[in-house]
Number of protein chains: 2
Amino acid sequence: MTEDDAHRHEWVADCRLRAATDLFAHTWDPVVLAALRLGPRRRRELRAAIGGISDKVLTDSLHRLLAGGLVERHAHAEAPPRVDYALTGLGQSLVDGPMTALGRWVTEHGEELLEAQESSTAEGL
Amino acid sequence: MTEDDAHRHEWVADCRLRAATDLFAHTWDPVVLAALRLGPRRRRELRAAIGGISDKVLTDSLHRLLAGGLVERHAHAEAPPRVDYALTGLGQSLVDGPMTALGRWVTEHGEELLEAQESSTAEGL
DNA sequence: CGGAATCCTCTCCGATACTG
DNA sequence: CAGTATCGGAGAGGATTCCG
């Protein structure tokens with residue numbers, strides 16, 4: 001690893017960017033964040049709103065987002081257990097900034113993207 | 001799958017957003033795009049500029065980006081084979097828009113993100 | 001130099017079943 | 001309703017090797 005130090009300065013600048021892109025590495029994490037965009041949601045509401053996510057994967061995703069400081073967990077001590085999840089300030093800023101920008105890009109270039117992908121898969125077969 | 005159609009309208013709206021977040025799902029794809037940000041690069045230059053990427057992974061990444069219409073390949077018929085890769089208009093728009101927004105977010109909240117991640121891993125042990 | 005092929009490892013995703 | 005435990009499959013990433 002010592003010789004790699006010579007290269008390190010070349011990509012260390014992108015290290016923080018990597019930490020950010022990794023937030024999108026897990027398929028469902030952005031979807032969960034998007035589902036929390038409009039306010040706190042209970043576990044069950046998230047499952048229903050997202051649709052097609054398994055129980056375990058939702059748990060994994062929430063744990064990662066909690067560990068990343070993007071989501072907060074609030075457990076209410078009630079007879080029927082009630083727990084809801086909400087974006088932290090950090091998570092909200094991620095949604096309002098980059099994810100919104102990505103959403104705008106999709107509305108502008110989404111068609112173009114899908115066309116390019118389809119045309120190449122058509123050739124690829 | 002037929003009963004899922006009832007749920008489909010709930011998340012189909014996020015389908016395009018998913019197609020976009022998937023562009024960041026593969027670890028090295030954003031890095032390669034970032035490396036092409038300032039202009040066309042040869043395969044070897046990319047490997048050196050990125051640092052720490054294996055040959056196969058770079059090939060895979062380039063193939064995905066080519067298939068997605070984000071990158072173009074230009075092969076020059078010369079004695080020493082010369083091939084360079086460049087962003088397409090679509091790829092450039094992705095870099096200029098969402099990726100730049102993500103970069104801005106990182107400069108503003110990167111510290112906060114790393115702190116949150118470290119503090120939780122410290123607890124987690 | 002560009003790049004395809006092989007093999008290995010790791011972890012993400014999904015389904016199922018069980019506990020508080 | 002919230003959350004955990006386990007198992008299996010699929011795919012990404014990494015190292016190495018060989019071809020044009």
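Below, chains carry the letters A, B, ... as their sequence lines are ordered, and counting in each starts from 1.
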**Asked** Between dA2(D) atom P and Y85(A) atom OH, what is the distance in whole Å?
**Response** 8 Å
**Asked** Starting at the 5' end of DNA chain C, which residue's closest nucleotide do you reach first, V83(B) or P81(A)?
**Response** V83(B)
**Message:** Could you check whether any side-chain heavy atom of L113(B) comes within less than 4.5 Å of a side-chain heavy atom of L23(A), counting everything from C-beta outward?
**Reply:** yes
**Prompt:** Side-chain contact, heavy-atom cut-off 4.5 Å: L46(B) with I53(B)?
**Reply:** no
**Request:** Specify the separation, in whole Å, of atom CD of E45(B) and atom C1' of dG2(C).
**Result:** 13 Å
Residues 90-104 of chain B side chain polar contacts: donor-acceptor under 3.5 Å, at least two apart:
{"residue": "Q92(B)", "atom": "NE2", "partner": "D96(B)", "partner atom": "OD1", "Å": "3.2"}
{"residue": "S93(B)", "atom": "OG", "partner": "W105(A)", "partner atom": "NE1", "Å": "2.9"}
{"residue": "S93(B)", "atom": "OG", "partner": "L90(B)", "partner atom": "O", "Å": "2.6"}
{"residue": "T100(B)", "atom": "OG1", "partner": "V95(B)", "partner atom": "O", "Å": "2.7"}
{"residue": "T100(B)", "atom": "OG1", "partner": "D96(B)", "partner atom": "O", "Å": "3.0"}

**Request:** For a side chain to side chain donor-acceptor pair (under 3.5 Å) with D84(B), tell me which candidate from H76(B), H74(B), R42(B), R41(B) qualifies.
**Result:** H76(B)
**Request:** Find the distance L58(B):CG to dA4(C):C1' and express it as a whole number of Å.
**Result:** 13 Å
**Message:** Measure NE2/H63(A) against C1'/dA5(D) and give the value in whole Å, please.
**Reply:** 13 Å
**Prompt:** Tell me, which pairs form a salt bridge (charged side-chain N to carboxylate O under 4.0 Å, His left out) where one or both residues lie in residues 49-66 of chain B, sequence neighbours left out?
**Reply:** D29(B)-R64(B), R43(B)-D55(B), K56(B)-D60(B)
**Request:** For R42(A), answer base if it contacts any base atom (sugar-phosphate contacts may also be present), sugar-phosphate if it contacts only those atoms, and nothing otherwise; contact means non-hydrogen atoms under 4.0 Å.
**Result:** sugar-phosphate
**Request:** Name the nucleic acid region contacted by H76(B), choosing base, sugar-phosphate or nothing; use a 4.0 angstrom heavy-atom cut-off, strictly under.
**Result:** nothing
What are the atom names and distances for every N/O pair under 3.5 Å that joins the protein to nucleotides 12-15 of chain C?
{"residue": "dC13(C)", "atom": "OP1", "partner": "T27(A)", "partner atom": "N", "Å": "2.8"}
{"residue": "dC13(C)", "atom": "OP1", "partner": "T27(A)", "partner atom": "OG1", "Å": "2.9"}
{"residue": "dG14(C)", "atom": "OP2", "partner": "W28(A)", "partner atom": "NE1", "Å": "2.9"}

**Prompt:** Atom CD1 of I50(B) to atom P of dG14(D): distance rounded to whole Å?
**Reply:** 11 Å
**Selected nucleotide, minimal atom distance to R44(A) side chain, candidates dA2(D), dA4(C), dC1(C)** = dA2(D)
**Prompt:** Considering only heavy atoms from C-beta outward, does the side chain of F24(A) approach that of H26(B) to under 4.5 Å?
**Reply:** no
**Request:** Mind calculating the distance between CG (D84(B)) and P (dG2(C)) to the nearest angstrom?
**Result:** 10 Å
**Message:** Using side-chain heavy atoms (C-beta onward) and a distance below 4.5 Å, is L33(A) in contact with L87(A)?
**Reply:** yes
**Request:** Using a 4.0 Å heavy-atom cut-off across all strands, classify T59(A) as base, sugar-phosphate, or nothing.
**Result:** base
